[in-house]
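The structure under discussion appears below in the form of structure tokens.
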Amino acid sequence: MRLSSARLDEISLDLVEPFETSFGVQHARRFFVLRLETRDGLVGYGESVATEDPLYSSESNASVRDMLLRHFLPKILRSPAITPEAFRKEVAHFRGNEMAKSAVETALVDLAAQARGVSVARYLGSDRSRIEVGVSVGIQPSISALVARVGRYLADGYHRVKLKVRPGWDRAPVRAVRRRFPELEIWVDANQAYPPEAVDRIRDWAEANRVSQVEQPFAERAIWAHALLARGAPFRVCLDESIVDETSLEDALAARAITCLNVKTGRVGGLLTGRALARRAARAQIPAWVGGMLESGIGRAHNVALAARGEMTLPADLSASDRYYREDLVDPPFVLGPGSTLEVPRRPGIGVEVLEKVVRRHRISSRTYRPG
Ligand SMILES: [Mg+2]
């Protein structure tokens, strides 16, 4: 593939309701959409999942913009034959910056799939037509608000919920949800909020309330603390932020610090690494699933394609468009189907149409770059 242009749009989309995690409250998402066009007229889209400030990881919109403008876009625009695989190799010497790499890699996968006349899902070797999904519930203003929120999601048709927790918002809210919904499958996610000393306390309230999965309670590099928690635990210890590439997964497996893998396309630099991690998890016989970063329909389409792979044995954190945004950037939007599922788009590429009119309505800036 040879590119004729790369357009970088900065978008701001208001969330349907604020989303609070252990590192803060988000009212809107500000992110980049990358639109690549080939000389043959194919158009591919990618999305960056970085946020304004480096809170989830060390990346931010500023770092993503810098990497794209100074390094990645000039490279792909100059290349006479760019592919997702070649791009991964060419940028491997840049440390980290996985979200920036992913924005480009996913757009290239969209193009490569279209060039083959297949969907991104098919390109990745995914074979499901629907994927099972759950919903991630942010920290709420009160316990009664949380219980009501969970009730509404269950009424909407979601089968499992993941509760965001942090020190001071754990035992009591989890117990209240368990009491109200005795049969519900409950996962929790702390986004690194606990000190390693909290191992016994976490085990205590998680076990008492039949939590089936505890996600990333400790800092991304605190592998040993996760290993302590995982030892003999009746719940899965899922790693998210700690796993950024194949090496970090090997380390966590060797340390027995991981019994479940959250795969996020943006966190690991794109779909190809995401697929490799899922394969490794399957070989290690630990379940894997696809996590979300409040993506618009563009990133969601890529994630859904990855979640359709057979190694993804647990429901994804990829909810319907209306759980996040009043107006999505794609058509059709993702809607919740029977059995808490989303349909995997079948048309070539991401398989949904990007609504340029909606993109224009929500964009803050736009610049187009051409070769030479
Ligand atoms: Mg997480």
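Atoms within each ligand, like the ligands themselves, are counted from 1 in listed order.
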task = Please say whether the positively charged group of R236, taken as NZ for Lys or CZ for Arg, lies over the ring of W289, i.e. under 6.0 angstrom from the six-membered ring centre and within 45 degrees of the axis.
result = no
ask   = Which N/O/S atom belongs to D240 and is the closest one to the Mg ion (ligand 1)?
value = OD2
Shortest-distance N/O/S atom, E215 versus the Mg ion (ligand 1) = OE2
message = Can you tell whether the side chains of E295 and K264 come within less than 4.0 Å, N to carboxylate O?
response = no
request  = Go through R78 and E90 one step at a time and tell me if the salt bridge (Lys or Arg N to Asp or Glu O under 4.0 Å) criterion holds.
outcome  = CA-CA 12 Å; R78 261 198 319 264; E90 280 191 36; over 6 Å; no
remark   = Atom name of the N, O or S atom of D189 nearest to the Mg ion (ligand 1) is OD2
message = Does F87 form a ring-ring contact (aromatic ring centres under 6.0 Å, His included) with F72? I'd like the steps, not just the answer.
response = CA-CA 9 Å; F87 172 72; F72 300 164; 5.5 Å; yes
